[in-house]
Amino acid sequence: MTFKKPTRAGLVALALGVLFALFLSFSAINGSYAEEAAAAPAAEAAAGPPACAGNADPKLAVLENCTPNSGDTAWMLTSMALVLMMTVPGLGLFYGGMVRKKNVLATLMQSFAITCLVTVLWVIAGYSIAFTKGGPFFGSFDRLFLSGMLYQKEAAKLTVSHLGLTIPESVYMTFQMTFAIITPALIAGAFADRMKFSAMLWFMGLWSLFVYSPIAHMMWEPSGFWASASTPVLDFAGGTVVHINAGIAGLVCALVLGKRLGYGKEAMAPHNLTLTLIGASLLWVGWFGFNAGSAVAADGRAGMAMVVTQLATAVAALAWMFTEWMVKGKPSVLGIASGAVAGLVAITPASGFVGVTGAFVIGIAAGVACFFAATTVKKAFGYDDSLDAFGVHCIGGIVGAMLTGVFNVKEISGADASMLTQLGAVVTTLVVSGVGSFIILKVIDMVIGLRVSEEEEREGLDVSLHGERVE
């Protein structure tokens, strides 16, 4: 008996079939889990009325005659704008300054296009998958196209999320949208200078729905796998959901695409570190919306999150700078900017749970660990993580997630910490994001290809993909 070599179309169909089968399997598990969770709705009701006073309709989740807390709402509106600024223009400038001049517009275009694409996908399905009650792996489809989310001025009706009872659901949804935007945008730093724009859009869109939203549900929504553990995971603002998630996906992208032409042989110095420092500064400022905004209230926890965010960032920047100074003989602008971002990354999961001592230790650990990950480790293993998305975000996220368990202050967090839960959440994110990213990349590669041609890469993506250049 002889077997024919499978065709490309056959392989694509097989890959899509496997993804669909996994989706159905998770749906079955999710459904049974949701039925168990729904068995005691009276217990939830007995916990007390929503903070936003009004008559709740359990079926529609509508509150009547309700006035949200104006201070909380104002802070969350501000936080949403701050986090959006982190991607456009913050991350775009940070990455844009680090690439060669012939790729700067393409790099900026990635951040801007991802912002637009994920906004649409979040409204269609992402928010519903991530932040509605459901099973351990993803929520329901109750909010597809934001169905059921409303505000009626004359009727004095609005919906609120069960995760933000003092603000309109529209504000909470949009705040979380900005997290969903920046996470895939971070991945782009790992494959800078070599991915097709069309492939990038397909990857980011599929990754947002099939990887980001389920992980967000598992870690943040109370019915999610690690959020509902006996000792729930402590991830205040996205150490697992955003940074480890994006960082490991970036490493997989770098490995699947391969190295840039001339990597290790040709000079690939940043073309404009002024842009990079401006971008890092915008990221720093925007991160207060990221971390302090994750309190979903204008309260003492938000204030404490702001304090430790500022402190850990400064400490990490200095730790990277002094480490680089000792190892290489000179402190660099790129180094101190990268150290600041590493500190921001590492304090993210801990920001609502630790005090000043924890912030100091997390900052030092992040600055030193991420420096060596972005230099010594990358050189030893030979992978081309172009702008150190893995070295800073994945490694920094792991440092922060684990040290959150060590330095959790119950008087601040109101919760106990379990190192096993923290480790489990980290490993889950690494496996789900790593494997999911690999599958999506391989499917796209079989259909349209991932990498630009050698000629296009040498010419530069600005001209070859977008027909423009920086003069």
Side-chain angles (χ1 to χ4, degrees), residues 86 90-91 94-95 97-98 186 189-190 235-240 242-244 246-248 250-251 270 273 276-288 290-291 305-351 353-380 385 387-407 422 426:
M86 290 171 64
L91 186 66
F94 182 69
Y95 280 170
M98 285 195 278
L186 292 170
D235 187 354
F236 192 69
T240 54
V242 176
H243 299 294
I244 299 174
I248 190 63
L251 178 63
L273 285 176
T276 295
L277 193 61
I278 293 171
S281 302
L282 289 171
L283 285 168
W284 191 337
V285 174
W287 224 289
F288 293 116
F290 204 86
N291 286 358
M306 183 170 285
V307 170
V308 297
T309 297
Q310 177 70 12
L311 178 60
T313 305
V315 170
L318 292 172
W320 184 305
M321 183 189 75
F322 285 119
T323 303
E324 183 182 39
W325 204 339
M326 288 187 289
V327 172
K328 297 189 175 183
K330 293 181 180 179
S332 69
V333 171
L334 180 59
I336 197 169
S338 298
V341 174
L344 290 165
V345 168
I347 197 62
T348 291
S351 53
F353 305 130
V354 303
V356 170
T357 301
F360 266 111
V361 177
I362 289 171
I364 294 170
V368 175
C370 291
F371 169 78
F372 285 109
T375 54
T376 306
V377 174
K378 183 168 72 169
K379 184 177 180 181
D385 175 14
L387 309 180
D388 297 317
F390 173 76
V392 171
H393 293 278
C394 189
I395 300 303
I398 292 171
V399 168
M402 297 310 300
L403 290 182
T404 298
V406 175
F407 291 101
Q422 297 300 112
V426 168

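What's counted below: heavy atoms across the whole structure, side chains too, no hydrogens, waters or symmetry copies.
The two residues Leu311 and Ala359 have their closest heavy-atom pair at CD2-CB, 3.8 Å. Of all the heavy atoms in Ile244 and Cys394, the pair that sits closest is CG1-O, 3.9 Å. Nearest approach of Glu324 to Lys330, heavy atoms of both residues: CG-O, 3.7 Å. For the pair Ala237 and Ser351, the tightest heavy-atom approach, listed with the atom from each and the gap, is CB-OG, 4.4 Å. Minimum heavy-atom separation, Pro270 to Gly97: CB-O, 3.4 Å. Taking all atoms of both residues into account, the shortest heavy-atom contact from Ser332 to Gly335 is OG-N, 2.8 Å.
You'll find the side chain of Asp388 stays beyond 4.5 Å of the side chain of Met98, heavy atoms only. Side-chain contact between Phe94 and Val341 is present, with at least one heavy-atom pair separated by less than 4.5 Å. Residues Val354 and Ile347 have side chains in contact (heavy-atom distance under 4.5 Å, counting atoms from C-beta outward). With a 4.5 Å cut-off on side-chain heavy atoms, Thr313 and Trp287 do not count as touching. Proximity of Phe372 to Thr323: side-chain heavy atoms (C-beta onward) are separated by under 4.5 Å at one or more points. Side-chain contact between Lys378 and Phe390 is absent, with no heavy atoms from C-beta onward closer than 4.5 Å.
Classification of the Phe371-Trp320 ring pair by plane angle, with boundaries at 30° and 60°, yields perpendicular. Note: Phe322 and Trp325 have parallel aromatic rings, judged against thresholds of 30 and 60 degrees for the angle between ring planes.
Note that the CD atom of Gln310 and the CH2 atom of Trp284 stand 5.0 Å from one another [nearest 0.5 Å]. For the atom pair NE2 (His393) and CG (Leu251), the distance works out to 13.5 Å, reported to the nearest 0.5 Å.
Judged as a side-chain hydrogen bond (donor to acceptor under 3.5 Å, both in side chains), and not counting sequence neighbours, Thr357 has no contacts. Annotation: ring pair (Phe, Tyr, Trp, His ring centres under 6.0 Å) contacts of Phe353 (sequence neighbours excluded): Phe236.
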Apply side-chain contact (heavy atoms from CB on, under 4.5 Å) to Leu282 and Met86, showing your working.
-> CA-CA 6 Å; Leu282 289 171; Met86 290 171 64; over 6 Å; no

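Heavy-atom neighbours of Phe360 CZ from other residues, nucleotides or ligands within 6.0 Å: at or below the threshold of 12.
For the pair Gln422 (side chain) and Ala401 (backbone), a donor-acceptor distance under 3.5 Å is present. Using a distance-only test at 3.5 Å, with no hydrogens or angles considered, a donor-acceptor pair links the side chain of Asp235 to the main chain of Thr240. A donor-acceptor pair is defined here as one N or O able to donate and one able to accept, closer than 3.5 Å; such a pair exists between the side chain of Tyr95 and the backbone of Leu186. The backbone N or O of Ala389 lies less than 3.5 Å from a partner atom in the side chain of Asp385, making a donor-acceptor pair.
Just one residue in the list Thr404, Val426, Asn291, Val242 forms a side chain to side chain contact (heavy atoms under 4.5 Å, CB included) with Pro349, and that residue is Thr404.
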